[in-house]
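From a predicted model like this one, the values you see are computed outputs, not experimental measurements. Proteins come first, then strands; the chains are lettered A, B, ... in the order of their sequence lines, and each starts at number 1.
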Amino acid sequence: MWRNHAAMILGRIISNSSFNSSTLPIASFLVKPRFNFDNLTHQIKYFSAYPRFDFGSIREPNDAVALFREMVRTQPRPYVTVFNKLLSVVVKMKQYSLGLHLFDEMLKRNAPVNHYTLSIAIDGCCRLKRPDFGFAILGIFFKRGYEPDVVTFNILIKGLLLVGRIPEAAKVLGKLSAFHLCEPNEYTYNTIINGLCKAGDILQAIELLCLLEKGKGSCKQPDVYAYNIVIDALCKEGKVDEALQLFSTLGDKGISPNIVTYNSIVDGLCNHRREDEAEDIFKKMIVCPDVVTCNIC
DNA sequence: ATAGGGTTAG
């Protein structure tokens, strides 16, 4: 939908003005290769007793399993970061069950595990819509003497929101400070703002946003992510004027809209037959890179 | 020392 809108608006702009594409600089030609010490690092790695594993070659789940088997029988055993990297690759492939299976194998085989590993595993549970399993893994933290941090709790809160357990997510947020578990950060609040919006409760999301703007919630001012979430939700709800209103206040708040902000606004306007306004916004958007371009020249 | 979390669209 957005591509069609963008193409249409671009067509309008190009037919109304004269852009000169020949002035675009090719900055990379100006950058001469220089000596750097990366080669040295590479040599150290090359001669290291610890084998490298090529995670870039993983194309399908079976590749990950093969690499995992190789890793568990390699001596000396690869670092915990290497296992974490593999788990993370599997989760990014959306192979959550496989990721949890490998995590289970790691525990059984006494492979190295730390709080990163546990957080990745909890993320896998949450994405499978089983935050309860995630909380079970939280138990392993305490059993092994690791401390969950704000990232761990953000993952769990997101997991609860994903299955619509909003009151429990709010309860967890409250306990973070009450039990001195960790200090919520911008990720925490943005996760909750997003959860509220996706559940259709934009009003409560805006309420939280305003609370944060007033400096409550012991958090920094809301960032561009927070505003993007609410602006997009308003647009999708058909409240495009409210979205525009919020959008127009960003400058005063010291927030630079980014490509996501513009995409949501332009899409919202076009979906309500307000192409002229979309075109104005679109023009403002493409002025920004021109400034950088001129500086390079 | 190849590690974990938040936004749109496709």
Side-chain angles (χ1 to χ4, degrees), chain A residues 1-7 41-42 44-45 48-58 67 71 76-92 99 103 106 111-127 134 137 141 146-162 169 182 184-198 205 208-209 212 219-220 222-236 243 246-247 250 255 257-271 285:
Chain A
M1 190 62 104
W2 151 240
R3 286 167 66 95
N4 293 339
H5 294 152
T41 317
H42 177 259
I44 291 167
K45 281 175 185 165
S48 160
Y50 287 88
R52 305 275 305 169
F53 295 91
D54 182 14
F55 292 114
S57 68
I58 296 178
L67 216 47
M71 281 161 58
R77 188 156 267 188
Y79 292 118
V80 62
T81 52
V82 181
F83 281 95
N84 290 344
K85 173 73 180 176
L86 178 73
L87 270 190
S88 153
V89 167
V90 171
V91 168
K92 290 202 171 89
F103 171 67
M106 286 173 64
V113 163
N114 64 11
H115 72 286
Y116 279 76
T117 329
L118 300 179
S119 290
I120 299 169
I122 292 176
D123 193 33
C125 297
C126 289
R127 288 174 194 268
I137 293 179
F141 270 94
Y146 303 130
E147 287 194 7
D149 58 15
V150 64
V151 177
T152 319
F153 289 110
N154 288 346
I155 293 169
L156 283 165
I157 287 173
K158 188 187 177 187
L160 287 172
L161 292 168
L162 189 66
C182 69
N185 61 12
E186 57 271 41
Y187 283 79
T188 320
Y189 290 110
N190 291 344
T191 298
I192 294 173
I193 290 173
N194 191 42
L196 290 171
C197 285
K198 295 297 183 285
L208 177 53
L209 190 67
L212 294 173
C219 186
K220 285 181 291 191
D223 57 14
V224 69
Y225 284 85
Y227 291 102
N228 285 349
I229 293 163
V230 174
I231 286 172
D232 187 68
L234 286 170
C235 286
K236 288 199 166 55
L246 185 56
F247 176 72
L250 293 187
I255 304 282
N258 62 17
I259 186 67
V260 176
T261 328
Y262 285 111
N263 281 348
S264 294
I265 291 279
V266 169
D267 209 30
L269 285 168
C270 287
N271 282 331
M285 177 178 78

Which residues satisfy the side-chain contact (heavy atoms from CB on, under 4.5 Å) test with [X], sequence neighbours excluded?
{"X": "A:Asp123", "result": "A:Val91, A:Arg127, A:Ile155"}
{"X": "A:Asn84", "result": "A:Val80, A:Asn114, A:Tyr116, A:Thr117, A:Ile120"}
{"X": "A:Phe141", "result": "A:His115, A:Leu118, A:Ser119, A:Ile122, A:Leu138, A:Tyr146, A:Pro148, A:Thr152"}

[X], nearest nucleotide to its side chain (from [options]):
{"X": "A:Asp267", "options": "B:dT2, B:dT8, B:dA9", "result": "B:dA9"}
{"X": "A:Ser264", "options": "B:dG4, B:dT2, B:dT8", "result": "B:dT8"}
{"X": "A:Thr81", "options": "B:dA3, B:dG4, B:dA9", "result": "B:dA3"}
{"X": "A:His115", "options": "B:dA9, B:dG4, B:dA3", "result": "B:dG4"}
{"X": "A:Lys198", "options": "B:dA9, B:dA3, B:dT7", "result": "B:dT7"}

Can you tell me how far [atom2] of [N] sits from [atom1] of [X], to the nearest Å?
{"X": "A:Asn258", "N": "B:dT8", "atom1": "CG", "atom2": "P", "value": "12 Å"}
{"X": "A:Asp54", "N": "B:dT2", "atom1": "CG", "atom2": "P", "value": "14 Å"}
{"X": "A:Phe141", "N": "B:dG4", "atom1": "CZ", "atom2": "C1'", "value": "9 Å"}
{"X": "A:Lys158", "N": "B:dT7", "atom1": "NZ", "atom2": "C1'", "value": "11 Å"}
{"X": "A:Lys85", "N": "B:dG4", "atom1": "NZ", "atom2": "P", "value": "7 Å"}
{"X": "A:Leu87", "N": "B:dG4", "atom1": "CG", "atom2": "P", "value": "11 Å"}
{"X": "A:Leu161", "N": "B:dT7", "atom1": "CG", "atom2": "P", "value": "11 Å"}
{"X": "A:Leu269", "N": "B:dA9", "atom1": "CG", "atom2": "P", "value": "15 Å"}

For residues 76-85 of chain A, which residue pairs qualify under salt bridge (Lys or Arg N to Asp or Glu O under 4.0 Å), counting only residues two or more places apart or in two chains?
none

Under 4.0 Å, heavy atom to any atom of DNA chain B: which of residues 225-235 of chain A qualify?
A:Tyr225, A:Asn228, A:Ile229, A:Asp232

Confirm from the modelled atom types if A:Thr152 and B:dG4 form a donor-acceptor pair under 3.5 Å, side chain to base only.
yes

Touch check for A:Thr261, heavy atoms < 4.0 angstrom, all strands: base, sugar-phosphate only, or nothing?
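If one applies the 4.0 Å heavy-atom cut-off, A:Thr261 turns out to touch nothing in the nucleic acid.
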
Work out which heavy atom in A:Gly268 is nearest to a heavy atom in A:Cys235; give both atom names and the distance.
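That closest heavy-atom pairing would be CA-CB, 4.0 Å.
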
Which heavy atom of A:Leu87 sits nearest a heavy atom of A:Gly99, and at what distance?
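Heavy atoms of A:Leu87 and A:Gly99 come nearest at CD2-O, 3.4 Å.
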
Side chains of A:Thr191 and A:Asn194, donor plus acceptor under 3.5 Å
no

Can a side chain N or O of A:Lys92 be found less than 4.0 Å away from OP1 or OP2 on B:dA3?
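No, because none of the side-chain N or O atoms of A:Lys92 sits under 4.0 Å from OP1 or OP2 of B:dA3.
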
Can you see if the side chain of A:Asn84 gets near the phosphate of B:dG4 - specifically, an N or O under 4.0 Å from OP1 or OP2?
no

Pi stacking test for A:Tyr79 and B:dA1: under 5.5 Å apart, planes under 30°
no

Tell me, please, which residues at least two apart from A:Tyr79 pass ring pair (Phe, Tyr, Trp, His ring centres under 6.0 Å).
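Ring pair (Phe, Tyr, Trp, His ring centres under 6.0 Å) check on A:Tyr79 returns A:Tyr50.
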
